[in-house]
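Reminder, nothing fancy here: chain letters follow the sequence lines and each chain counts from 1. In this text, all values refer to a predicted model and were calculated from it rather than measured experimentally.
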Amino acid sequence: METNDVFDPLAIAERWMDDGRMVALATVIETWGSAPRPVGSHLVIDGEGNFHGSVSGGCVEGAVIGEAMEVIADGEPRLLEFGVADETAWRVGLSCGGRIRVYVERVG
Amino acid sequence: MDPYLLRKLNAERAARRAVIHLTDLGDGRDRVIREGDPVAGPLGEAIARAFRSGRSGLVEVEDRKFFLNVHLPPARIVAIGAVHISQALARMAGVAGFDITIIDPRTAFATEERFAGLDLAADWPEDVLKARPLDAYTALVAVTHDPKIDDFPLSQALTTGCFYVGALGSRKTHAKRVERLTALGHGAAEIARISAPIGLDIGAASPAEIAVAILADIVAHLRRRPLLGAGP
């Protein structure tokens, strides 16, 4: 079950699309351990780097937004993995000790 | 993601219909599947399981990897009684992400001024719920203290399987309520689903504190509901 307020990422994605903005959608597709956001959670990003929603507790959003810029540019979906075992953890890891996989795709 | 599918997905969600957004992680192609849409084979079985459990996740079928994002209708609250508690509850519910409707036939209570910007119906629950029936994704909160107003929606909430049913009133008031609901044909186990006295026991004293107790109780029921079948 979900919530449906003004911060709903899918509703925002549609509004941004209608405004003629380039939009990417990031989705948590798998989690291990104490991941902060459940599978199915979304982060929506536009071509300027504006974003709404979350895929973690704020630990990896920066990296996801960076990848989303590239997805918007080339249209190729990407599968990202973050976690303590990953060497990127030192830079953008999950402080909670969990691991997550995030699928990033362009809308359109 | 296909822009047409994003629109379709949002329209289905707005209409409180259960849908799954299915993505083939190999080629990025996607579909929106409504509950009840026929999908053949092992993928169809996985989809049926996902609708039942409400759990999003990965599925591997014939060497292809799919992601199923399950969208069940958002939990909402229907409050019977445009009282002081409901004024506080309505605002807190919005912050916590719940839609809320307030119903009260007493026009002195159900005023636009007291519930500005909120979904308020100054009518009998019998009439309002005819057009917008309760369902398993709804929490029913009865706070008028008046059996003439509270009893019908409470009975409906038990029948339709609302994930939360709460009723304000002392243990004595509730004992009488149990008698009336029994007379309406509800069994003991069904009636025992009613949270009464309403809300988590946090020693709430003011109307706003009682609203906190009710909202916390609703969240507890939502997140600890049994999986499979009826649960949202």
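The line from CE of B/Met1 to CE of A/Met17 is 8.5 Å long, rounded to the nearest 0.5 Å. From A/Leu10, atom CG reaches atom NE2 of B/His71 across 5.5 Å, with rounding to the nearest 0.5 Å. In this structure, CG on B/Leu25 lies 9.5 Å from CD on A/Glu30, to the nearest 0.5 angstrom. The CZ atom of B/Phe67 sits 10.0 Å away from atom CD of A/Glu105, with the distance rounded to the nearest 0.5 Å.
Surrounding CZ of A/Arg21 are more than 12 heavy atoms belonging to other residues, nucleotides or ligands, all under 6.0 Å away. For B/Arg17, the CZ atom is densely surrounded, since the number of other residues' heavy atoms within 6.0 Å is greater than 12. In this structure, A/Phe51 places its CZ atom where only 12 or fewer heavy-atom neighbours from other residues, nucleotides or ligands lie under 6.0 Å away. A/Asp18 CG: more than 12 foreign heavy atoms inside a 6.0 Å radius.
Looking at B/Leu58 and A/Arg101, their side chains come closer than 4.5 Å, going by heavy atoms from C-beta outward.
Contacts between B/Leu5 and chain A at a heavy-atom distance below 4.5 Å are absent for every atom of the residue. If you measure heavy-atom distances from A/Leu25 to chain B, the contacts under 4.5 Å come from the side chain alone. With a 4.5 Å cut-off on non-hydrogen atoms, A/Thr31 does not touch chain B at all. Interface remark: A/Val23 contributes no atoms to any contact with chain B (heavy atom separation under 4.5 Å).
Considering every non-hydrogen atom in both A/Val107 and B/Pro3, the closest pair reads CG1-CA, 4.2 Å.
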